[in-house]
Amino acid sequence: MTSTSAEPSATPLLNHLDTLEPISLDQLNEQARLMTRVDRKYFVPRAILAELLDQMPGEFRVLEIERTRLFRYRTIYFDSPDFRFFRQHAQGRRHRYKVRTRTYCESGDCMLEVKSKGYRGQTVKERIDHDPEAPHTLSATDHSFIDEIIGEDAARLRPMLETIYHRATLCHDDQRVTLDLDLECLAGGASYAGPSDVLVETKSPGGRGPLDRTLLTAGVRPHSVSKYCVAASLLYPHLPSNAWHRTLRHYFDAPKAGAA
């Protein structure tokens, strides 16, 4: 079996990933970089996802780096003291932002990313290199980069929470599919574990890809969900989380309604 790093216990899904043809990071970025894209997200039980992928032979290649196909990600999310970015999402604003540092634990690389959701539903991601020794800190260069995109004083932003999870990345033509497993959400000594289901995210320049169509045929519908907003709702009970109440209760076993 292809080696993984700090991987979850073996499952049919991981076994399926091991059967796919590999694609390198350079090839993936050349074929499907997708810094501007349409995202769709799904919660899918691991065994069902493995069965559906088994029905799609030859459709996908899997990102492989140094014989590793499942990677550990550590993400620090920044927001203003009044949780402006969270509230943009909670209020359904069509134009909204996320600011985060993302550390790729196997390589040690770290990036500062600003994600914007546009009026046409497209996600635009812009990023620069970041100091891997200081993922919780924004430098003057970082502030300038953020200010240029969001048009506000980035010096107000603070690290609000951290997520850690494993990810596998699939590629089909110019489309990506990410499979996130074993999500952990942490802040101030509190922590929540994510769902046993896989958080599947399809990323394409526009229309639905082959996995979207397969999931739709199987009766799996997309969810409007954000790892940041779900984590913030769990870790900061005073925040208004009605938009994610069903997701929290169904997938995270969270008892609160969260309205405030």
Side-chain angles (χ1 to χ4, degrees), residues 23 25-42 63 71 73-80 83-104 109-130 135 138-163 165 167 169-180 199-209 211-212 222-232 243-244:
I23 187 171
L25 182 59
D26 287 343
Q27 290 172 321
L28 179 66
N29 286 334
E30 180 179 352
Q31 185 170 324
R33 187 167 180 82
L34 292 176
M35 301 302 278
T36 301
R37 69 218 189 190
V38 175
D39 300 337
R40 297 178 180 87
K41 300 176 184 178
Y42 308 83
L63 175 63
F71 303 92
Y73 284 39
R74 179 189 183 200
T75 304
I76 311 297
Y77 288 94
F78 294 80
D79 209 332
S80 63
F83 287 89
R84 175 177 174 246
F85 298 152
F86 174 91
R87 294 180 188 280
Q88 287 176 347
H89 284 69
Q91 294 164 6
R93 298 283 182 88
R94 294 178 65 187
H95 201 74
R96 52 189 188 262
Y97 299 97
K98 291 192 189 89
V99 175
R100 68 194 186 193
T101 59
R102 171 162 289 171
T103 301
Y104 301 87
D109 294 336
C110 185
M111 306 293 293
L112 169 65
E113 301 181 341
V114 179
K115 289 183 70 176
S116 309
K117 179 72 78 171
Y119 292 114
R120 296 184 178 180
Q122 286 187 320
T123 298
V124 179
K125 183 167 71 172
E126 300 172 76
R127 63 182 188 170
I128 58 174
D129 290 331
H130 190 272
L138 298 177
S139 67
T141 299
D142 297 333
H143 287 163
S144 297
F145 172 72
I146 297 167
D147 286 345
E148 187 173 340
I149 298 170
I150 70 174
E152 292 197 13
D153 183 8
R156 297 185 66 236
L157 301 183
R158 301 289 183 269
M160 293 301 188
L161 60 89
E162 175 179 355
T163 62
Y165 53 93
R167 168 171 287 185
T169 300
L170 310 183
C171 181
H172 171 91
D173 293 336
D174 59 353
Q175 300 171 330
R176 287 193 191 205
V177 175
T178 56
L179 313 178
D180 294 344
L199 178 54
V200 177
E201 185 169 351
T202 64
K203 311 163 195 279
S204 68
R208 292 182 174 89
L211 186 56
D212 293 289
H223 282 258
S224 177
V225 63
S226 154
K227 283 193 287 291
Y228 171 57
C229 292
V230 165
W244 301 282

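For the single chain, residues carry numbers from 1 onward in sequence order. We use all heavy atoms of the structure for the numbers below, so side chains are in, but hydrogens, waters and symmetry mates are not.
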Under a 4.5 Å cut-off applied to non-hydrogen side-chain atoms, are [X] and [Y] in contact?
{"X": "F145", "Y": "V99", "answer": "no"}
{"X": "Y42", "Y": "T202", "answer": "yes"}
{"X": "M160", "Y": "F83", "answer": "yes"}
{"X": "R40", "Y": "R208", "answer": "yes"}
{"X": "I149", "Y": "S116", "answer": "yes"}
{"X": "Y165", "Y": "R74", "answer": "no"}
{"X": "K41", "Y": "P222", "answer": "no"}
{"X": "D109", "Y": "T103", "answer": "no"}

(request) Decide yes or no on side-chain contact (heavy atoms from CB on, under 4.5 Å) for T101 and T75, but give the supporting numbers first. (result) CA-CA 6 Å; T101 59; T75 304; over 6 Å; no

- Please walk me through it: do V200 and T178 pass side-chain contact (heavy atoms from CB on, under 4.5 Å)? CA-CA 6 Å; V200 177; T178 56; over 6 Å; no

**Message:** Between D153 (side chain only) and A155 (backbone N and O only), is there a donor and an acceptor less than 3.5 Å apart?
**Reply:** yes

Taking D212 for its side chain and G209 for its backbone only, find out whether a donor-acceptor pair lies under 3.5 Å.
yes

Practice prompt. Starting from the C-alpha separation in whole Å, work towards a yes-or-no answer on side-chain hydrogen bond (donor to acceptor under 3.5 Å, both in side chains) for D79 and Y228.
Written response: CA-CA 10 Å; D79 209 332; Y228 171 57; 2.7 Å; yes

For the atom pair [atom1] ([X]) and [atom2] ([Y]), what is the distance rounded to the nearest 0.5 Å?
{"X": "C110", "Y": "H130", "atom1": "SG", "atom2": "NE2", "result": "5.5 Å"}
{"X": "F85", "Y": "C229", "atom1": "CZ", "atom2": "SG", "result": "11.5 Å"}
{"X": "E162", "Y": "I76", "atom1": "CD", "atom2": "CD1", "result": "4.0 Å"}
{"X": "T169", "Y": "E201", "atom1": "OG1", "atom2": "CD", "result": "10.0 Å"}
{"X": "C171", "Y": "I23", "atom1": "SG", "atom2": "CD1", "result": "4.0 Å"}
{"X": "L112", "Y": "L138", "atom1": "CG", "atom2": "CG", "result": "6.0 Å"}

task: Take K203 and D39, measure what salt bridge (Lys or Arg N to Asp or Glu O under 4.0 Å) needs, and give me the verdict at the end.
output: CA-CA 5 Å; K203 311 163 195 279; D39 300 337; 5.0 Å; no

Closest non-hydrogen contact found for T163 with A231 is CG2-CB, 4.2 Å

Minimum heavy-atom distance A243-A90, with the two atoms named: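 Taking every non-hydrogen atom into account, CB-O, 4.4 Å.
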
Subject >> Which residues share a side-chain contact (heavy atoms from CB on, under 4.5 Å) with E113, sequence neighbours left out >> reply: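 Result, side-chain contact (heavy atoms from CB on, under 4.5 Å) vs E113: R100, R102, Y104, M111, K125, R127.
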
**Item:** Residues in side-chain contact (heavy atoms from CB on, under 4.5 Å) contact with S139, at least two apart in sequence or another chain
**Value:**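 So S139 forms a side-chain contact (heavy atoms from CB on, under 4.5 Å) with T141, D142.
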
Is the number of heavy atoms from other residues, nucleotides or ligands under 6.0 Å of R84 CZ greater than 12?
-> yes

key: Residue among H95, Q91, H89 satisfying side chain to side chain donor-acceptor pair (under 3.5 Å) with R93   =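 The side chain to side chain donor-acceptor pair (under 3.5 Å) with R93 is passed solely by Q91 among H95, Q91, H89.
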
*Measure from NZ or CZ of K115 to the centre of the six-membered ring of Y97, then state whether that distance is under 6.0 Å and the direction lies within 45° of the axis.*
no

- request: Dump the intermediate steps for side-chain contact (heavy atoms from CB on, under 4.5 Å) on H172 and L211, then the final yes or no.
  value: CA-CA 9 Å; H172 171 91; L211 186 56; over 6 Å; no

